[in-house]
Amino acid sequence: MAETVRVIGDTLPGADFNSPLLEVDGLHVEFRVRGERIPAVRGASFTLEQGRTLAVVGESGSGKSVTSQAIMGILDTPPAKITGGAVRLHGVDLLEQNEETRRAVRGNHIAIVFQDALSALNPLWSVGFQIGELFRVHRGTSRKEARLKAIELLDQVGIPDAKNRVGHYPHQFSGGMRQRVMIAMALALDPEVLIADEPTTALDVTVQAQIMRLLKRIQTERRMGLILITHDLGVVADVADEVAVMYAGEVVERAGIRDVFKRPAHPYTKALLRAIPRVDTVGQELEVIGGLPPNPARLPGGCPFHPRCFAAEDKCKTEVPPWAEPAEFHGSRCHFAEEVYADER
Amino acid sequence: MNAELGQADRGVDPVLEAKDLVKHFPIQRGVVVKRTVGHVQAVDGVDLKLYPGKTLGVVGESGCGKSTLAKLLVGLESPTSGSIKLQGKEIGNLSNRRMRPFRRDIQLVFQDPYTSLNPRLTVGDIVGEPFEIHPEVVPRAKRAGEVKELLDMVGLSPDHVNRYPHQFSGGQRQRIGIARALALRPQVLVCDEPVSALDVSIQGQVINLLERLQNELGLAYVFIAHDLSVVRHIADEVAVMYLGKVVEQGTGPEIYDHPRHPYTQALLSAVPVPDPDLRGQRDEIVLQGDVPSPIDPPSGCRFRTRCWKATDHCAEEVPSLDVGDNGTHPTACFYAEERDVTHAVK
Amino acid sequence: MGRYVIRRLLQALLTLGIVLFLLHYLTALSVQIRGNPALLFFGGDRTPDPGMLAQVERLYGLDNKCYERTGDPCLAPFVDRLQNFVQGDFGTTLNGNRDVGQLLAIYIPNTLRLFIFATITLVAVSMVLGTWAARHRGKFIDHTVRGTTILADSIPVFLILLSYVYIVAVPLTRWARDIWGTESFMGQVFRPNYNPDYPWTTIIIPGIIVGTVGLASMTRLIRASQLENLGSDFVRTAKAKGLKPLRITIVHVIRNSMIPIITGIGFLFAFMLSGAVLTEGVMGIPGMGRMIFQAVQRQEGNLVIVGLTVSAVVVVFVSLIVDLLYAVLDPRIRYE
Amino acid sequence: MSELTAPTPTAERQASLWSDAFRTMRKRPDVIIASLVLLFVFAMAAFPSLFTDQDPTVCFGRDAKQRPGTWFTGEHPLGTDAFGCDFAATLVHGTRPTIALALSVIVASVVVGLILGILAGYYGGWLDTLISRALDVFIVIPMLMGAVLILSLFRGRVSTDTLAETIAVPFLALSLFGWMEFCRYTRAATLETKNLDYVVAAKCLGASDRRIMFKHILPNAIVPVTAVVPTTIGGIIVTEAALAVLGIGVQPPATSWGVLLSKGTEWAGGGYVYLFAWPLGLLILTVFAFATFGDALRDALDPKLR
Amino acid sequence: GDESDVDGEGGGSGGTVNMQIGEIRSLVPGGSGESEGYRIMKNVYDGLVYYDRETGEPENLVAEDISSEDNTVWTIKIKDGLTFQNGEPVNADAFIRSWDRTALASNSLPLNYFFATFEGYAEMNPDPLPEDQWADPEVPEWAPIDVTHLSGVTAVDDLTIEVKLSAPFIGFPTMLGYEAFYPVAEECLADLEACEAKPIGNGPFMFEEPYDIESGGTAVRWEDYAGDMPAHIDAVNWKVYLEGDDCWADFLTGDIDVCRPTAADYENAMNDPDLESRHIQQDDPSILMLAFPLYDPQYQDVNVRRAISMAIDREGVANVVGPERFYALDQWVPESILGGGTHSCGEYCTYDPEAAAALLEEAGGWPEGEKMQIWVNDAADNVDIFRAIGDSISQSLGIEYELVTLDFPEFLATREEHGVDGPFRSGWSPDYNLNENYLEPIYGGGASVNDQGYENAEYDAKIAEAGSAATLDEAVALYAEAEAILANDMPSVPVFGERFNYFYTERLENVYVHPIYSGPGGDCELREVTIAE
Ligand SMILES: Nc1ncnc2c1ncn2[C@@H]1O[C@H](COP(=O)(O)OP(=O)(O)OP(=O)(O)O)[C@@H](O)[C@H]1O
Ligand SMILES: Nc1ncnc2c1ncn2[C@@H]1O[C@H](COP(=O)(O)OP(=O)(O)OP(=O)(O)O)[C@@H](O)[C@H]1O
Ligand SMILES: [Mg+2]
Ligand SMILES: [Mg+2]
Ligand code: NI
């Protein structure tokens, strides 16, 4: 695949190519359910450069999916409401654009791959139709041409016999194949940013390996920015360039891949790394993070991680920790970031 | 690292033994008279031995028949053929009523902590249900105490008896499920992916609990999972399943450090290791395609369609699960050969 | 697909056979308990000559002695009847000695017309209301729509009809005729009674009224299925593809919502037939519902059986069509 | 092992589906109003003498169709009916058969439907085939038609001495054609539930089929059934009225709302609107109350719809 | 003016009268036997006699002369030169072929019984074979009937018929205007199916298009009509109202010209000043009685029956179902019928609760705790009327009652086999205009035959005597005496005579309603009606 030439000004007026590709800055999202306000994302910030892979990790409910949907602008409002922050693509704050521009950005500039491909594909239309739809809506291609493009894409994502399979329906594909279809759909308009929201969680390890390989290949070929959302640190270690760790709606640590794994600066990251069972090591008892994941509607005061933290002190219960940078390009939201960073164990 | 486990216990009789276990689900058609047009060969000739106090891990990809095997072992499905012996007694084809006394000795822990607990019953009712079904185990008056004890044993506050399952988190619910399974003091616990639905941070708690209970109560586990790393931590012996058959069996180190079957090797190599330093350092085998349908499995070796070593021979003959000439543990492959995929090699 | 249809047809045939036998048994029981309907042939209060009565009984096949033994399933006449049905002979009525086949030819089209208008009304109104309510979920409009439809459903249809006939129809007709003339569409459409000279026009209003049966449940169904689809993952995907809301609704929501709606319509069909009994009675429409009701009243056993069998055939047929429509709409449902 | 004594989870949201449903419903104004209406109607059915002191069987043809007095006072506060009976008394005393019929039909239908549905869903096989076929057959015959058929079979065969005798035949006819919906719901719910892990768990513990059906499956199967019960009660009341209008159903001189309505419709056109309006008002109010209640219940029991 | 005058379409509706009609059974003479079929046939066919719309007496129409010496053998002379609408002559054969058809058992025609008094009837209506000769013991069998002609009827010449009855019957001519005795064309019998749809009559109206049983049809004036009672309007359109429907709403919109309001619409219609001048109110010869099962010991005392009769507040009951629609009846033969108007019931048909209670006391009172079962068929207003009657009896005598409602066939059957255990409904509409028709068919024949189980030798003798009286007047007087005997025995009590109230639209003039033969929904004499300009 050759270097893609694109005219961004058409769909995104005011784009500045000197700014980072995608910048999420202090994003706040809350849900209003039956009079209750649930802050799902509380000030998430990270940056993605072209051709890089940013992994967003965190346990279930930490706000990973909500963040990605906020970037895409596909949150249902209500119940969701973006209460603050900015999402800048080439320096343009998407949150301030009108609906039409945002629609143009979706698919064209940012695309997303969801976790459960079976439910994310409309069961009543053939995959060819669903992929071709993008060309027909955004590019005004004819039905026939769209089909040819769809075949081409299916071929690219490694679906054998794409010509015949283009008319099949989602249920006729296996899990891994469906995920490839999703990826083909996301790649259709050659976006600069691809968000993959747990693309392999529902898959077997052997298939997961196939899909991750595919994603990686495509990303390098197209020099896309990839946001990989997952809670599998093994996958992260395999593909990511940078990592953002989320806890209770916040990014609690952000650093390059080796830094995070070798010298985490946040107790949560540290505990998480220790808790993971590994194939290549044997330990009799697993280390665990005590307690329960936080309920976003009733977060504890101060640092939200303090009830489960091994390093917690009284200060953590009352004071919200500031963003600290114990090393260059290594940020952590912990009162004791330096200490944790320094402690190599 | 070889032969440190398993062999040592050969003097003891296994608590649970399955021989040539087969389960085929018929596929039926027809309005009034049903015709059988085919079979789902979910489990197709599996041999297992489980020794007291030990853990047998079963790994394999989705749909390879792990859950079916679990159901067969606890008597929820009756096998098409083969035998299952619990403490030397055949339980394979017993009627529901005749099976009942054996149920006290073998219990199941489910994968999904959200659907395995009746949302309309309190924790006390759920954990106490085994006593109602088997009233002879504990006299009525002592049941409440027993339930509290069980809750305490799995690390839940005994005050929680009057709560409903939805008031608990996933990990806590899984503990309730374990408490229920333990109520009758079984010898064997079959755990069907007990931690797959849990977050990494919670997963460890449940695994530790299971290990602790094994030490305290001398339980034997059949531990089913598709997460190989978890199995490695808990299992003494591991069986790798592919399409209803066990393709390789052995102790943890035998399987993980010295895998001989191509499928096991591919499986292990596909597990990502949370260490960025190992990126690109390991021997990576990426299989092509998906697991074939169990309705019409490939002839001969079932793995041959995805195997890089496959020859015509593989299509003609079914490889048996043998130790082989130069092998250390049973492997069902004509071209079994050790290959280390878990450690950095490059 | 072909095999599936054949299988379904066989199943339907079985059901119909059972229905037929049950009906036969019930009518036989009715003759056994209530006495011989042949008396009706002689009209009024007169006692017929026994010889004549016997003749008439013979004419209608009611002379079999099994009709005198309460509880006897009367198998021989049942077999006769089946044979006649197979030959296309549906017998005659007691009252008027009329060919039942010909009667059906008159009654069925009328009822079908009624159903056409009823279905159109039901689907159109509930579609609009359901979609509207789903759009404004939880808001005032949502509650209003639901309240109104429930209220409309709580008023028995025949009361709506009666009020229409007694109170509204006459002044409306007179008013319309003053403006447009008697023979115009408007001059006929409001007429309080069905008129065979205007078989379509005068059935519109009763059709619309029957169409309000089940409005609440249908609206609720549509609202629910739309809500479900609007919140589904594939709609989220569609949004992520940058599609316009209108396109999302048309391409990705409506077709998916059709499935429960079709089921609903399938069920409502049997329901409407009940509605037809009263509607046809009140509006003087010579249709199946009314025919069956009067046949039951007059102990026209044969007519009851034929009528209900026709209705059974329709219901079975509709459910078959519904199932086939599923397959058309939903590729996941494949019948080999 | 300190990590195993987990902190207390979300404490407030205790209670099960039912009390949860009850809680949501209690707050809705429409439910409150509907409940009041139903309470009033039930009171009328249970204690008619609280509402009127006249005997509905004392009728003088000469006094027929006296319109109500201006302020609903005088000997006949609501006037007299077409037979010269006190209309208020007829109306009040007509409530009992109506409500008794509706309730007995619903109880019978639900019980029959539940049992058959659970059996069919749980055991499957030929039992399921049999019950499903019966379902097919009964669904094919529309309820009203079936009721007409049964009712005409028993015309004049039963006396109307007691309440039970009055409603016996319509009860039979309506129940016979009323169980299918419940059976279908139950069967579907059973099929769904019986493969749920908690049912499998009970089986694994050695629970008997009866225990599984009644302890684990029934509570689940009963949810969709309960959700449609109030609405169905409304439907039965309407059907009873339809039967009365057709001249079958509860037979005069026993009264029910349906009987009153069928007379009332006749006279309303002739200017005696009150003969029509009162029973109609009561009927609509009651059916509407049931339907509203049912609607709310369905919402409450199916959180997806909220 | 009326709009339908303006839009001339479909055969010049300027002269078309729109009538309502019920469901008919047949349009070939002998096949209908109900009021609706007769209402069409009497305009399409000309019978031997036509009943005068004022006196109800038969006046010759096709017949030139009808005479008899002994009331047993009757000679009928037919007018010359009359034809059917297809040109066939109306002669003796035309009548004989019609009568033979109706009298033949295997044709199973409802009016078959009209010929029971003819000689030769028995041969054409044999009994089934003895049981041992049936092939299937379950199914009765008949020997084939080879007699196809009534032996009592002979054509003396082309225009003269001689009829031999099996017993003398003075009222014979009064029957002859009825449908059973109309002539039938040969062509009609050749293709009955076509004739059912498009009758070939000899009357002033003819069908050009087939009549449809569901939607009715239009009969136009037959221009070549040569008879004595021609029509004045161009055409008549019958619109069908099936059972349970009524024409009132359509009358109000002007789609129907003559209509009777439903019970509920009465009051409004009566009080409408607009309609007042277009209202016809007449007594209907239909009567309603409460009959007693004399075979039941409970009702064997005549005083019990009298007490019950006196306990019925007839005006009160009429008030329930519409005062204008019924009038209290105190005789067994209504006023409008030849020989009616005797008021034979007298004081016993007058409401007097005290006297009623006293009478009942005298007769031994009513058994404690027992309910009176009142049996009624469930059609139309019956249930209401008898409920009101029951209420009235119950208020006067303190007896509890219960209504047993059955549908018609079952009711008839139960009544007939004497399975009724309480007072029951007995209604009667005459077949012909003679008081005999109210007496003999209902109470004659002996206890085992009639529904009441009534038998009085004196009564039966009186009926027989009247049948063989020399003149009609004599016979009428003798029948009236029989009625008096009946009044004394009270096997039933008269309750109501019916009264019809017809309204017609402004377009019509000369609207007359036949007192005996008119439909339940509204009717008028179509040969006389005209349309206003
Ligand atoms: N529609 C919604 N209504 C209310 N709350 C919501 C909604 N969607 C998400 N949330 C809340 O937002 C929080 C973050 O959810 P999110 O889906 O982003 O988690 P996640 O990190 O993607 O978890 P997972 O790993 O399970 O996908 C959760 O606590 C959830 O309760
Ligand atoms: N009751 C059944 N009837 C027919 N086929 C069945 C039945 N139960 C399981 N199967 C089939 O048997 C095969 C093995 O299923 P099983 O549930 O044992 O797989 P598994 O290894 O547990 O997979 P997973 O990891 O997804 O839980 C599957 O192909 C499945 O479709
Ligand atoms: Mg997520
Ligand atoms: Mg499984
Ligand atoms: Ni390890």
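Bear in mind that the values here come from a model prediction, so they are computed numbers and not experimental data. When reading the values below, keep in mind they use all heavy atoms of this one structure, side chains included, and skip hydrogens, waters and symmetry mates. Below, chains carry the letters A, B, ... as their sequence lines are ordered, and counting in each starts from 1.
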> What's the shortest heavy-atom distance between B:M241 and B:C64, and which atoms?
CE-O, 3.5 Å
> Which is it for B:H160 and B:F168 under the ring-ring contact (aromatic ring centres under 6.0 Å, His included) test, yes or no, and what are the steps along the way?
CA-CA 10 Å; B:H160 291 176; B:F168 293 90; 5.3 Å; yes
> Can a salt bridge be assigned to the pair B:E61 and B:R306 using a cut-off of 4.0 Å between side-chain N and carboxylate O?
yes
> Should the ring pair B:F303 and B:H261 be called parallel, tilted or perpendicular, given that the plane angle runs from 0 to 90° and is split at 30 and 60?
tilted
> Tell me if the NZ atom of A:K163 is crowded by more than 12 foreign heavy atoms within 6.0 Å.
no
> Indicate the atoms forming the closest heavy-atom contact of B:G53 with B:D236, along with that distance.
O-OD2, 4.4 Å
> Go through the atoms of B:I207 and report whether side chain, backbone, both or neither lie under 4.5 Å from a heavy atom of chain A.
side chain
> Do the rings of A:Y268 and A:H266 sit parallel, tilted or perpendicular, given the 30° and 60° boundaries?
perpendicular
> If you measure from the Lys or Arg side-chain nitrogens to the Asp or Glu carboxylate oxygens, is any gap between B:K66 and B:D192 under 4.0 Å?
no
> Any Lys/Arg nitrogen of A:R254 or A:D259 sitting under 4.0 Å from an Asp/Glu carboxylate oxygen of the other?
no
> For chain B, which residues from residues 212-219 of chain A lie under 4.5 Å away (heavy-atom distances)?
A:R213
> Heavy-atom distances under 4.5 Å only: say whether B:I202 touches chain A with side chain, backbone, both or neither.
side chain
> Tell me whether A:R274 forms a cation-pi arrangement with A:F310, defined as NZ or CZ under 6.0 Å from the six-membered ring centre and within 45 degrees of its axis.
yes
> Considering only heavy atoms, give the residues of residues 235-250 of chain A separated from chain B by less than 4.5 Å, sorted numerically, with 'none' for an empty result.
A:V235, A:V236, A:A237, A:D238, A:V239, A:A240, A:D241
> Could you tell me which portion of A:Q210 (side chain, backbone, both or neither) has an atom closer than 4.5 angstrom to a non-hydrogen atom of chain B?
both
> Checking B:Q203 against chain A: side chain, backbone, both or neither under 4.5 Å from a heavy atom?
side chain
> Pair B:D277, A:K262 - check side chain to side chain contact (heavy atoms under 4.5 Å, CB included), show working.
CA-CA 9 Å; B:D277 290 340; A:K262 297 301 166 195; 2.8 Å; yes
